[in-house]
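All chains are named by letter (A, B, ...) in the order of the sequence lines, taking the proteins before the strands, and each is independently numbered beginning at 1.
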Number of protein chains: 2
Amino acid sequence: MATIKDVAARAGVAVGTASRVLSGSPQTSPDSRSRVLAAAAELGYIANGPARSLRRARTDVLGLLVSDIRNPFFSELAHAAEQEARAHGYTVILANANEDAAQADAVLDVFASQRIDGLLLSPQGPKTPRLEALLASDLPIVLLNRSIEGVDAPLYGTDNAGGVAQALKWLQRRGHRDVAFIGGPETFSTGAERHDAYLAGREAHGICTDDALVDAGDFLADGAAEAMLRILDRGALPTAVFGANGQTTLGAMRAVHERLGAEAASLIEFVSFDDVEWFAFMSPPVSAVKNDAPEIGRAGVRGLLALINGGTATSQRIATTFIDRSAGSAA
Amino acid sequence: MATIKDVAARAGVAVGTASRVLSGSPQTSPDSRSRVLAAAAELGYIANGPARSLRRARTDVLGLLVSDIRNPFFSELAHAAEQEARAHGYTVILANANEDAAQADAVLDVFASQRIDGLLLSPQGPKTPRLEALLASDLPIVLLNRSIEGVDAPLYGTDNAGGVAQALKWLQRRGHRDVAFIGGPETFSTGAERHDAYLAGREAHGICTDDALVDAGDFLADGAAEAMLRILDRGALPTAVFGANGQTTLGAMRAVHERLGAEAASLIEFVSFDDVEWFAFMSPPVSAVKNDAPEIGRAGVRGLLALINGGTATSQRIATTFIDRSAGSAA
DNA sequence: CATTCTCATGGAATCGTTTCCATGACGGAA
DNA sequence: TTCCGTCATGGAAACGATTCCATGAGAATG
């Protein structure tokens with residue numbers, strides 16, 4: 001592979017001059033500029049990133065740590081973040097922690113070793129030792145989606161309260177009084193925020209305040225199905241079910257189908273926090289609060305770049321959109 | 001940040017010795033070993049990756065270029081590939097090409113500059129200039145999912161013929177004669193292989209060979225919906241529809257719903273190449289050929305690592321599983 | 001006891017850049 | 001004409017690791 005030395009030799013200049021031309025320094029004559037660029041093109045020169053990073057003490061690489069890229073929320077977020085980063089000349093390295101603190105720490109070590117310039121972190125639990133170390137090393141960090149206790153990095157996440165309000169308004173419009181709510185873990189800030197917003201807002205929207213109708217799973221289908229069954233076991237028969245995330249709604253639907261049968265299930269309306277394109281094909285179709293995952297990713301990258309460049313970044317709540325697929329709505 | 005020099009000084013040894021200890025060379029005494037390790041731990045030393053990469057002329061980084069990480073096939077693949085790579089001490093950098101040759105080339109330049117040790121490539125079209133250059137530079141490369149003309153890198157992909165055979169067998173068992181097939185672009189090897197396998201196998205499975213029932217879209221929902229409408233416009237009324245990928249099936253369903261109404265649509269069975277968990281909730285439920293994206297990712301990484309380590313790798317077709325969700329099957 | 005061999009060690013070179021510093025050419029001002 | 005300032009340039013240092021090579025201590029062998 002051609003090095004800058006080869007380019008300089010071919011152009012008949014010193015390496016210093018070649019470097020200045022290639023990095024766009026103004027301290028270059030038109031003459032050497034054209035000769036260096038020509039030589040570089042002829043040799044197919046591509047700068048050695050590690051060498052440059054070593055010397056400049058920055059890598060132009062961002063680390064993105066999510067719990068699971070298979071989750072559509074994160075894959076949309078990651079896609080948008082990667083595009084935004086690349087548009088600014090940054091590369092993204094992606095890693096999954098799989099909701100496991102040990103894996104998260106292993107990844108953070110790798111990131112540290114790669115000397116990433118900044119970290120986009122979607123936390124999954126409390127602070128871990130490696131994270132603590134990174135925070136102490138004042139690496140620029142932004143949080144995505146979930147907050148984490150004792151870390152005051154800027155947070156880019158969904159407007160959970162606003163999204164729940166949209167769902168509540170829809171439930172009221174549809175005339176539902178007996179609504180089941182399946183939440184997520186209280187230890188996740190998203191779970192807690194949605195749960196709190198629901199409890200705080202339900203009465204004002206004409207929804208029964210019987211807590212037998214409220215239960216929580218683990219944000220996964222199986223846990224949600226169990227929570228749904230617990231609610232049914234208490235003798236409740238809701239006319240609508242509100243699932244606090246996509247998997248939760250899926251699990252709740254499955255439980256209702258299995259327990260009550262397809263016919264009775266089709267009389268219950270589901271509304272979900274998190275939209276999935278397949279909701280349109282359920283019977284009845286499922287309405288949903290749609291997260292703007294791409295915008296969260298882009299805003300996170302922009303905030304992180306601001307921090308990297310010595311500026312400041314402030315937390316931001318990204319608005320949701322309500323997708324109304326109910327019978328009366330304009331299809 | 002602590003450097004190896006700091007570690008050596010604190011341990012009272014030369015940097016060479018510290019390096020040998022930290023990289024596990026056998027040429028070290030137990031004494032210096034323990035002192036260096038202690039010093040490293042006390043200082044929280046984490047090796048500078050770029051410096052190491054510069055000297056060793058390898059980065060332990062793999063590049064993964066997919067068309068769109070939001071596609072569940074790729075997000076499952078990427079998840080598994082990342083896990084497998086990390087288990088072998090490699091880091092993955094991910095990029096999306098969005099089915100755009102210019103973006104793909106831009107990404108390949110970034111990869112080249114990062115001096116990745118190997119490339120996992122899911123191609124989207126013909127060879128591009130940058131790809132040509134990379135192939136010439138004999139960077140280890142494996143292809144995922146799709147092949148590409150004129151490139152003889154090993155391919156790790158779905159067993160398309162086998163998957164189509166599973167679907168055909170199911171169609172026969174269900175007694176379908178009038179089956180519509182919505183394919184994908186012939187320019188994608190996956191589209192062509194599935195199409196060819198279907199045409200070659202339909203007669204033997206008792207399926208009508210009228211080509212009015214066959215059309216193709218672009219592997220996206222909208223294009224598939226148009227293809228479905230063209231079939232219906234020809235006056236055909238299939239009892240089953242076979243979509244050549246997930247989005248295609250989705251689009252075909254949407255078209256059938258819109259054109260014939262929910263009631264008539266519920267009389268048509270859909271079978272899909274690519275499984276999606278929501279298929280279970282359609283009415284009737286959609287059966288599907290499930291491809292083993294995680295195994296494709298893992299096999300691809302293993303093949304690539306073999307190439308990197310100077311070995312050889314051979315193409316591999318990963319078997320599919322048929323998910324039968326039809327009425328008679330054990331639910 | 002002398003010699004050779006083994007092996008851990010220190011020191012230095014090296015990887016490919018960027019950036020600092022000194023130099024020299026050139027132009028403009030006095 | 002002389003002097004100063006500007007500015008492109010060449011050369012060298014520096015980034016932080018790995019690895020080569022020479023050295024010296026100690027063990028093993030005769």
Side-chain angles (χ1 to χ4, degrees), chain A residues 1-37 39-40 43-61 89 91 109-117 137, chain B residues 1-37 39-40 43-61 89 91 109-117 137:
Chain A
M1 199 124 203
T3 73
I4 200 172
K5 229 164 148 179
D6 303 324
V7 173
R10 184 166 243 254
V13 299
V15 287
T17 304
S19 172
R20 277 182 289 259
V21 168
L22 292 169
S23 55
S25 155
Q27 304 266 54
T28 54
S29 69
D31 179 49
S32 48
R33 212 158 16 221
S34 65
R35 291 165 60 195
V36 168
L37 292 178
L43 293 171
Y45 171 74
I46 297 185
N48 183 311
R52 155 179 283 159
S53 296
L54 172 59
R55 176 62 228 233
R56 308 203 353 204
R58 43 178 292 195
T59 53
D60 296 345
V61 171
T91 305
D109 269 352
V110 172
F111 282 0
S113 168
Q114 297 277 343
R115 298 293 196 267
I116 57 171
D117 287 344
S137 76
Chain B
M1 198 123 201
T3 74
I4 200 172
K5 227 163 150 181
D6 303 324
V7 173
R10 183 165 243 247
V13 300
V15 287
T17 303
S19 172
R20 277 181 290 261
V21 168
L22 292 170
S23 56
S25 155
Q27 306 264 56
T28 54
S29 68
D31 179 49
S32 49
R33 213 158 16 223
S34 65
R35 291 165 59 193
V36 168
L37 292 177
L43 293 171
Y45 171 74
I46 296 185
N48 183 311
R52 154 180 282 157
S53 296
L54 171 60
R55 176 62 227 236
R56 307 202 351 198
R58 43 178 293 195
T59 51
D60 296 345
V61 171
T91 304
D109 269 352
V110 172
F111 281 180
S113 168
Q114 296 279 342
R115 297 294 196 268
I116 58 171
D117 287 343
S137 76

Donor-acceptor under 3.5 Å (B/R115 side chain, A/A47 main chain): yes
Nearest-Å distance for atom pair CD1/C1', residues A/I4 and D/dA12: 15 Å
Rounded distance (Å) that lies between atom P of C/dC15 and atom CZ of A/R52: 19 Å
Gap between atoms CE and C1', on A/M1 and C/dG16 respectively (whole Å): 12 Å
From D/dT18, C/dT9, C/dT18, nucleotide with atom closest to B/R20 side chain: C/dT9
Separation of C/dC7 C1' from B/R33 CZ (nearest whole Å): 12 Å
Options C/dT9, D/dT18, D/dG16, nucleotide nearest the side-chain atoms of B/T28: C/dT9
Pair B/D6 + B/R10: basic N to acidic O under 4.0 Å: no
A/R56 side-chain N/O to C/dT18 phosphate OP1/OP2 under 4.0 Å: no
Out of C/dT17, D/dA17, D/dG10, whichever nucleotide has its closest atom nearest the side chain of B/N48: D/dA17
Out of C/dT19, C/dG16, D/dC20, whichever nucleotide has its closest atom nearest the side chain of A/L54: C/dG16
From B/L54 atom CG to A/S53 atom OG, the distance as rounded to the nearest 0.5 Å: 10.0 Å
Given DNA chain D, 5'-ward residue of the pair B/T3 and A/R55, judged by closest heavy atom: A/R55
A/S29 vs D/dT9: side-chain N/O to OP1/OP2 distance below 4.0 Å: yes
Any donor-acceptor N or O pair under 3.5 Å, side chains A/T28, A/R20: no
Nearest-nucleotide 5' precedence on DNA chain C, B/P26 against B/A51: B/P26
Euclidean distance, B/M1 CE relative to B/N48 CG, rounded to 0.5 Å: 8.5 Å
Distance-only donor-acceptor test (3.5 Å): side chain A/R115, base D/dG16: no
Touch class at under 4.0 angstrom, heavy-atom based, for A/S32 against every strand present: sugar-phosphate
Atom-pair distance (CZ on B/R35; P on C/dA8), nearest Å: 16 Å
Sugar-phosphate only, base, or nothing, as touched by A/A57 at under 4.0 Å among non-hydrogen atoms: nothing
Between C/dG16 (P) and B/R58 (CZ): distance, integer Å: 16 Å
Minimum-distance nucleotide (side-chain atoms of B/Q27 versus D/dT18, C/dA8, D/dT9): C/dA8
First of B/D31 and A/V15 reached from the 5' end of DNA chain C, by closest nucleotide: B/D31
